[in-house]
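Report on the following structure.
Counting starts at 1 for both ligands and their atoms, following the listed order.
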Amino acid sequence: TTTTAFLGLGAMGFPMAGHLARAAQASGGRALVWNRSPEKAQAHAERYGSQAVDLAGCAAADVLLTCLPTSAQVDEVIGALEAQLRPGTLWVDCTSGHPDAAGAQRERLFARGVTFLDAPVSGGTGGAEAGTLTVMLGGEAAEVEQARPHLAFAGKAVHVGGPGTGFAVKAINNVLLAVNLWAAGEGLAALARSGVNVRAALEVINASSGRSNASENLIGQRVVSREFPVTFALGLLAKDAGIALDVVESVRGSAPLLAQTLGLYRAAAQIIGAGEDHTAALRLIEQMNGQEIA
Ligand code: NDP
């Protein structure tokens with residue numbers, strides 16, 4: 001039987017680790033959980049029957065999974081844990097991390113006989129709860145096959161290439177989310193100013209060629225509703241856009257639209273607040289236009 005340890009029980013990690021706990025109960029394995037603020041691990045154990053442990057306790061696991069804000073926090077946790085890690089351990093990092101960090105993390109853990117895979121996810125907190133996340137895996141084929149049985153939170157898991165490519169694909173996916181969200185916001189603000197009902201405009205766009213996840217789900221549920229529920233922080237999306245531009249720069253690519261988008265989200269994170277929901281970026285468009293998107 002397998003022991004997993006999930007480190008980082010945030011908006012994503014908490015429900016993701018819940019699926020590992022259910023899988024462990026079904027297979028007779030163990031699911032350990034750790035969080036920097038230990039009360040979340042305690043709450044997880046009560047809710048899902050996982051086992052809350054201290055950081056050192058995670059070294060007992062065969063498979064470690066992390067879901068932390070950025071690669072910098074993953075580095076901290078690797079540093080605190082590496083002396084205790086056992087050879088043969090698999091480390092699956094579900095953070096939306098940085099491709100450059102993946103190489104160094106891999107080497108550092110390889111020296112301990114530990115395999116590191118980048119395995120960021122998409123699908124939001126709803127996908128994490130439903131167990132339908134898309135996972136993008138970067139690493140060697142054999143390592144990816146080793147990880148697959150432990151992705152109990154996934155609806156789809158795709159091996160996208162070598163180390164770091166999972167992080168790269170995730171960053172580009174998210175900057176596309178940022179582009180679509182921003183562009184739809186600008187267009188709808190103009191329509192609202194011209195007196196068009198925003199919900200009627202969305203109904204048309206969502207049955208037409210301009211639709212996106214932003215128009216189909218995010219704007220109606222979060223912006224027009226004025227709810228802006230914080231499930232994915234604006235600061236994290238700005239961080240992802242920054243990684244995407246680093247990916248562009250690493251190949252000396254030309255991506256002026258993506259660069260513009262990064263600038264806009266950095267500004268929105270400053271002005272609206274990094275801790276607000278990512279859809280609250282459209283509050284900046286509302287200020288720019290003197291017009292609510294509602
Ligand atoms: P949250 O802010 O909700 O959770 C962050 C987690 O990281 C918490 O468990 C927090 O612990 C922990 N943490 C923060 N700093 C440290 C540190 N220095 N050492 C140890 N633990 C730390 O983030 P999300 O769950 O939203 O996001 C996690 C990752 O997943 C990010 O990379 C994000 O971009 C990505 N992601 C998010 C999605 C979403 O919809 N939210 C969707 C897909 C990917 P504590 O409880 O103690 O603060």
Side-chain angles (χ1 to χ4, degrees), residues 5-19 32-44 50 52-56 58 64-82 91-99 101-102 105 118-137 151 153-157 166-178 181 213-214 217-218 221-222 228-244 265 269 273-281:
F6 202 105
L7 297 81
L9 305 173
M12 292 299 285
F14 196 89
M16 287 168 73
H19 289 283
L32 313 178
V33 289
W34 174 82
N35 195 67
R36 179 181 62 175
S37 323
E39 60 274 10
K40 281 190 199 165
Q42 213 50 59
H44 197 276
S50 54
V53 293
D54 60 12
L55 185 58
C58 295
L64 277 83
L65 301 100
T66 32
C67 191
L68 302 174
T70 74
S71 291
Q73 288 80 39
V74 178
D75 280 337
E76 278 179 37
V77 170
I78 291 175
L81 200 52
E82 70 183 328
W91 190 308
V92 179
D93 183 22
C94 299
T95 304
S96 298
H98 201 295
Q105 290 165 336
D118 47 307
V121 299
S122 183
T125 54
E129 274 149 28
T132 56
L133 293 174
T134 301
V135 188
M136 29 221 125
L137 291 144
L151 306 175
F153 42 76
K156 188 181 189 71
F167 289 156
V169 173
K170 171 64 185 173
I172 296 297
N173 175 76
N174 274 29
V175 79
L176 296 180
L177 154 65
L181 179 61
N213 181 55
N217 296 303
L218 296 175
Q221 291 164 16
R222 297 175 183 232
F228 303 98
V230 185
T231 67
F232 177 39
L234 178 49
L236 289 177
L237 183 54
K239 171 264 298 181
D240 292 336
I243 297 171
Y265 279 82
E276 296 296 319
D277 190 60
H278 63 303
T279 55

Heavy-atom check, side chain of [X] versus side chain of [Y], under 4.5 Å:
X: L55; Y: L7; answer: yes
X: W91; Y: V77; answer: yes
X: F6; Y: C67; answer: yes
X: C58; Y: L32; answer: no
X: L133; Y: M12; answer: yes
X: I243; Y: S96; answer: no

Atoms in ligand 1 with a heavy atom of [X] nearer than 4.0 Å:
X: V121; result: 43 (C), 44 (C)
X: G8; result: 9 (O)
X: A11; result: 1 (P), 3 (O), 25 (O), 26 (O)
X: T231; result: 39 (C), 40 (O), 41 (N)
X: C67; result: 28 (C), 29 (C), 30 (O)
X: K170; result: 43 (C), 44 (C)
X: N35; result: 8 (C), 9 (O), 11 (O), 45 (P), 46 (O), 47 (O)

Within the distance-only criterion (no hydrogens, no angle test), does the side chain of Y265 pair as donor or acceptor with the backbone N or O of A241 below 3.5 angstrom?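 The answer is no, because no donor-acceptor pair under 3.5 Å joins these two groups.
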Minimum-distance protein heavy atom relative to atom 33 (C) of ligand 1: L236 CD1, 3.8 Å
May I ask you to identify the nearest protein heavy atom to atom 40 (O) of ligand 1, giving residue, atom name and distance to one decimal place in Å? F232 CB, 3.3 Å
Does the N or O separation between [X] and ligand 1 drop below 3.5 Å for any pair?
X: S96; value: yes
X: G10; value: yes
X: E76; value: yes
X: L68; value: yes
X: V77; value: no
X: S37; value: yes
X: R36; value: yes
X: M12; value: yes
X: K40; value: yes

Going through the distances and angles, do V175 and D240 end up as a side-chain contact (heavy atoms from CB on, under 4.5 Å)? CA-CA 7 Å; V175 79; D240 292 336; over 6 Å; no
Smallest separation among heavy atoms of [X] and [Y], with atom names:
X: M16; Y: A128; answer: CG-CB, 4.0 Å
X: M136; Y: V121; answer: CE-C, 4.0 Å
X: A238; Y: A269; answer: CB-CB, 4.5 Å
X: A17; Y: L9; answer: CB-CD2, 3.8 Å

Taking 4.0 Å as the limit for heavy-atom contacts, which would you say applies to [X] with ligand 1: side chain only, backbone only, both, or neither?
X: P69; answer: both
X: L9; answer: backbone
X: L7; answer: neither

Evaluating non-hydrogen atoms only, which member of E39, K239, H278 is closest to atom 34 (O) of ligand 1? K239
Can V92 and V135 be said to form a side-chain contact (heavy atoms from CB on, under 4.5 Å), step by step? CA-CA 11 Å; V92 179; V135 188; over 6 Å; no
Distance (rounded to the nearest 0.5 Å) between D75 CG and E82 CD: 10.0 Å
Output yes when a protein non-hydrogen atom is found under 4.0 Å of atom 2 (O) of ligand 1, and no otherwise. no
